[in-house]
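Within every chain, numbering begins at 1; the chains are lettered A, B, ... in the order of the sequence lines, protein sequences first and strands thereafter.
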Amino acid sequence: MTVKVRIAPSPTGALHVGTARTALFNWLYARKHGGQFILRIEDTDLERSKPEYETDIIDGLHWLGLEWDNHEIHRQSERLDIYRAHLKRLLDSGKAYERKYTDEEKEAIAMQGRTPRDSIIALRQPLEDRDIAFDDEIRGTVSVNSKHIGAVSLAKDSDTPLYNFAVVVDDLEMGISHVIRGEDHISNTPKQLLIYEALGQAPPKFAHLPLILGPDRSKLSKRHGATSINEYRKDFLPQAMVNFMGFLGYTYDEEILDAAAMAERFELGKVHKSGAVFDIKKLEWLNARYLRTLDPKAFKEAAGLPNLPDAAVPLMTERLERLSGVAEFAYLWERPEYDAALLLWKEDDAARAAKALSLCVLLADGGALNQANLDQTVAGHFDGQKGSVYWPLRVALSGRRNSAGPLEIAPVIGPAETKARIETAIRKLS
RNA sequence: GGCCCCGUCGUCUAGCCCGGUCCAGGACGCUGCCCUUUCACGGCGGAAACACGGGUUCAAAUCCCGUCGGGGCUACCA
């Protein structure tokens with residue numbers, strides 16, 4: 001069977017991590033089987049759909065590197081003719097009908113603050129009770145009795161199809177082989193099965209992915225914090241994000257692997273059944289790992305610091321978890337502000353620190369500020385107390401309680417700036 | 001409420017299908033020590049889980065039943 005899958009986001013909000021993860025799994029499955037991966041924008045809800053959300057979703061998918069087939073974007077709003085034709089057939093054959101709302105129903109709708117219409121086009125459902133079942137690729141058989149399935153609404157009118165109907169028609173028309181989507185759609189599936197039946201067509205295979213959960217184990221949503229992929233772009237590398245999302249509902253033998261490697265190993269049947277909590281700590285750990293593998297050019301681009309000297313890169317990547325953390329390294333490109341007291345190592349006094357720094361200036365002048373000479377200074381003048389020399393020197397260069405080492409910083413800022421900063425420190429001590 | 005899905009360390013999970021090799025393994029996080037001028041990296045340790053109750057069996061995290069718990073859905077949204 002030719003594999004053809006799709007990601008079908010609705011442009012009623014920015015790209016949600018759940019949607020991104022679903023996109024990834026679909027992409028993985030398509031890659032694994034040499035199939036196609038389609039992007040379909042489900043914008044039948046005219047009131048809530050916004051072009052800027054569509055743009056955001058597309059940008060986010062590009063950022064993650066989840067490219068879809070032919071770069072073609074299918075929009076439901078541009079396929080109205082197709083739904084209309086199918087709807088007409090259903091109406092003509094009596095499989096669908098115009099369902100009048102009762103006064104009670106209208107009242108209930110009005111209670112929700114919407115103005116009710118008089119009728120809707122619905123599926124005419126069989127009267128007898130029977131089990132509607134499907135074989136989920138992840139969960140096995142899922143079965144629901146038809147009496148528990150409510151009215152299946154198809155369209156508001158011939159020009160405005162509703163979700164369940166549009167999805168079925170599109171999946172059919174596009175020849176989708178596997179519908180891989182979130183678990184929150186399980187209860188829609190029996191309704192859609194009824195529509196396939198009315199249309200006289202065989203349904204595709206279904207696979208329902210476990211949900212991504214917040215710390216309280218409910219479906220990840222706004223109240224848990226950032227849910228939009230956009231909000232992660234300033235801190236995380238797309239490779240880390242993809243690697244992380246790949247583990248939300250699946251286990252690979254290795255911890256670190258890229259999308260192509262995941263695709264090789266991916267099997268639908270191995271997807272987990274229960275929801276996974278989105279653990280930002282693990283994402284940070286992964287991100288740190290990926291950051292360290294970046295070459296200077298790639299890092300500078302990702303960090304938005306095009307003018308950073310290459311020598312500064314390893315020093316930063318070894319310490320960063322989030323991209324926005326680069327601010328902590330401002331001492332590499334601007335002279336730091338700090339309190340003189342910070343220059344004092346443990347019980348050392350200003351005189352001792354000043355003496356250490358003066359010796360450092362001498363070394364810096366001679367272009368001899370290196371470990372061997374520094375250690376010699378420590379041994380010769382400071383009773384082997386390395387901190388008495390290294391600490392004030394480091395603070396002179398970084399202005400921080402915590403930072404990279406002085407011998408790492410000096411080459412980055414250059415000899416002249418190094419000397420100037422040490423002299424500034426000595427002045428602070430007098 | 002009804003329907004559906006799920007239930008191994010705090011979190012992601014291996015093991016469960018094909019019962020013994022599991023006084024349950026790995027990773028993140030937490031934590032102790034080492035390295036060390038600080039931070040980070042790195043190395044070596046530690047604490048930490050089979051939801052509960054029955055049953056089947058010589059033997060159950062693994063099979064069966066029940067209970068409890070959590071979640072999803074219940075639109076003229078998707």
Side-chain angles (χ1 to χ4, degrees), chain A residues 8-13 19 42-45 47-49 76 99 101 105-106 108-109 112 114-122 136 138-140 142-145 147-151 153-157 160 162-164 166-167 181-191 208 210-211 213 215-219 244 247-256 269 272-286 288 292 314-321 328 342 345-346 356 374 378 385-395 398 400-408:
Chain A
S10 158
T12 53
T19 309
E42 308 219 319
D43 55 354
T44 51
D45 185 340
E47 281 104 76
R48 296 201 306 147
S49 295
Q76 291 189 325
R99 179 170 169 270
Y101 278 113
E105 283 174 316
K106 284 197 223 174
I109 291 161
Q112 293 170 44
R114 285 171 298 173
T115 43
R117 58 181 62 222
D118 290 331
S119 64
I120 194 165
I121 300 170
D136 192 284
I138 294 168
R139 286 151 213 278
V142 177
S143 173
V144 184
N145 192 280
K147 69 181 169 211
H148 296 305
I149 301 173
S153 301
L154 266 22
K156 291 184 188 176
D157 54 57
T160 32
L162 256 12
Y163 172 69
N164 280 130
V167 166
R181 75 226 308 192
E183 188 187 354
D184 45 348
H185 284 289
I186 289 184
S187 51
N188 280 320
T189 309
K191 292 186 178 188
H208 292 275
L211 259 20
L213 277 21
D216 63 354
R217 305 203 70 85
S218 68
K219 184 160 88 167
F244 177 68
F247 274 86
L248 256 19
Y250 201 93
T251 304
Y252 299 90
D253 291 336
E254 312 89 314
E255 294 276 336
I256 310 287
H272 305 324
K273 294 183 177 76
S274 50
V277 173
F278 186 95
D279 181 11
I280 194 97
K281 287 299 209 178
K282 194 133 192 181
L283 209 209
E284 286 176 340
W285 173 76
L286 273 168
R292 274 176 258 154
L315 163 173
M316 292 176 77
T317 53
E318 189 175 293
R319 278 163 254 258
L320 277 177
E321 281 193 326
E328 309 258 306
L342 195 58
W345 164 249
K346 289 188 177 171
L374 243 22
V378 169
Q385 295 298 303
K386 290 183 103 175
S388 289
V389 174
Y390 280 88
W391 176 274
L393 176 58
R394 188 182 59 73
V395 172
S398 72
R400 298 179 60 98
R401 183 170 296 282
N402 301 323
S403 75
L407 264 13
E408 288 178 286

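A donor-acceptor contact under 3.5 Å links the side chain of A:N188 to the base of B:A78. Residue side chain A:R401 does not reach the base of B:U38 through any donor-acceptor N/O pair under 3.5 Å, judged by distance alone. Taking 3.5 Å as the limit, the base of B:C77 and the side chain of A:R48 contain a donor-acceptor pair of atoms between them.
Here, B:C17 and B:C73 have their C1' atoms 29 Å apart, quoted to the whole Å. The P atoms of B:A40 and B:C30 are separated by 10 Å, rounded to the nearest whole Å. Atom C1' of B:A78 sits at a distance of 38 Å from the matching atom of B:G15, rounded to the whole Å. Between the C1' atoms of B:G32 and B:U37, the separation comes to 23 Å (whole Å). Nucleotides B:C44 and B:C4 place their C1' atoms 49 Å apart, quoted to the nearest Å. Across the C1' atoms, B:U62 and B:G70 are found 22 Å apart, a figure rounded to whole Å. For the P atom pair drawn from B:C6 and B:G45, the interatomic distance equals 39 Å after rounding to whole Å. Distance check on atom P: B:C5 versus B:G46 gives 42 Å, rounded to whole Å.
Between the side chains of A:R217 and A:S274, not a single donor N or O lies within less than 3.5 Å of an accepting N or O. Side-chain polar atoms of A:N145 and A:H148 form no donor-acceptor pair below 3.5 angstrom.
If you take CD1 of A:I138 and P of B:C6, they are 11 Å apart, rounded to a whole angstrom. Atom CG of A:L283 is separated from atom P of B:U11 by 18 Å (rounded to the nearest Å). In this structure, the OH atom of A:Y252 is 17 Å from the C1' atom of B:G26, given to the nearest Å.
Between A:K106 and A:D118, the shortest heavy-atom contact is NZ-OD1, 3.0 Å.
Distances were taken from every side-chain heavy atom of A:R319 (C-beta onward) to each of B:C12, B:C39, B:A78; the shortest belongs to B:C39. Ranking B:G2, B:C76, B:A27 by closeness to the A:E255 side chain, first place goes to B:A27. Considering only side-chain atoms of A:Y390, the nucleotide from B:U37, B:C76, B:C6 that sits closest is B:U37. Set against B:C77, B:A40, B:C73, the side chain of A:D184 has B:C73 as its closest nucleotide. Out of B:C76, B:U11, B:G29, the shortest distance to the side chain of A:W285 is found at B:G29. Of the candidates B:G71, B:G2, B:C5, the closest approach to any side-chain atom of A:S218 belongs to B:G71. The side chain of A:K281 lies closest to B:G29, out of B:U37, B:G29, B:C76. For A:D279, counting side-chain heavy atoms from C-beta on, the closest listed nucleotide (B:C39, B:U37, B:G10) is B:G10. Closest to the side chain of A:I186, from the set B:C5, B:G42, B:U37, is B:C5. Side-chain proximity of A:S187 to the nucleotides B:U37, B:C73, B:C76 is greatest for B:C73.
Between A:A8 and A:L248, the residue anchored closer to the 5' end of RNA chain B is A:L248, taking for each the nucleotide with the nearest heavy atom. Summary of the strand contacts: A:R139 and A:Y250 both lie near RNA chain B, and taking for each the nucleotide with the nearest heavy atom, the more 5' one is attributed to A:R139.
Considering only side-chain N and O atoms, A:T44 lies nowhere under 4.0 angstrom from the phosphate OP1 or OP2 of B:C77. For A:K219, a side-chain nitrogen or oxygen approaches OP1 or OP2 of B:C73 to under 4.0 Å. In this structure, A:K156 does not reach the B:C76 phosphate: none of its side-chain N or O atoms is under 4.0 Å from OP1 or OP2. Distances shorter than 4.0 Å separate some side-chain N or O of A:H272 from OP1 or OP2 on B:A14.
A:Y252 and A:F247 have perpendicular rings, their planes meeting at more than 60° on a 0 to 90° scale where under 30° would count as parallel.
Listed for the A:R401 side chain is no donor-acceptor partner under 3.5 Å among the backbone atoms of A:L342.
With both pairing distances under 3.5 Å, B:C73 is matched to B:G2 as a Watson-Crick or G-U wobble pair. When both distances must be under 3.5 Å, the Watson-Crick or G-U wobble mate of B:G66 is B:C52. Remark: B:A47 base-pairs with no nucleotide; criterion is Watson-Crick or G-U wobble with both hydrogen-bond distances under 3.5 Å.
For the pair A:R292 and A:L320, the minimum side-chain heavy-atom distance is 4.5 Å or more.
When A:D279, A:L248, A:V277 are each tested for a side chain to side chain contact (heavy atoms under 4.5 Å, CB included) with A:L213, only one passes: A:V277.
You can call A:Y101 stacked on the base of B:C76; the centres are under 5.5 Å apart and the planes sit within 30°.
Residue contacts shown for A:G150 are absent, as no nucleic acid heavy atom lies under 4.0 Å away.
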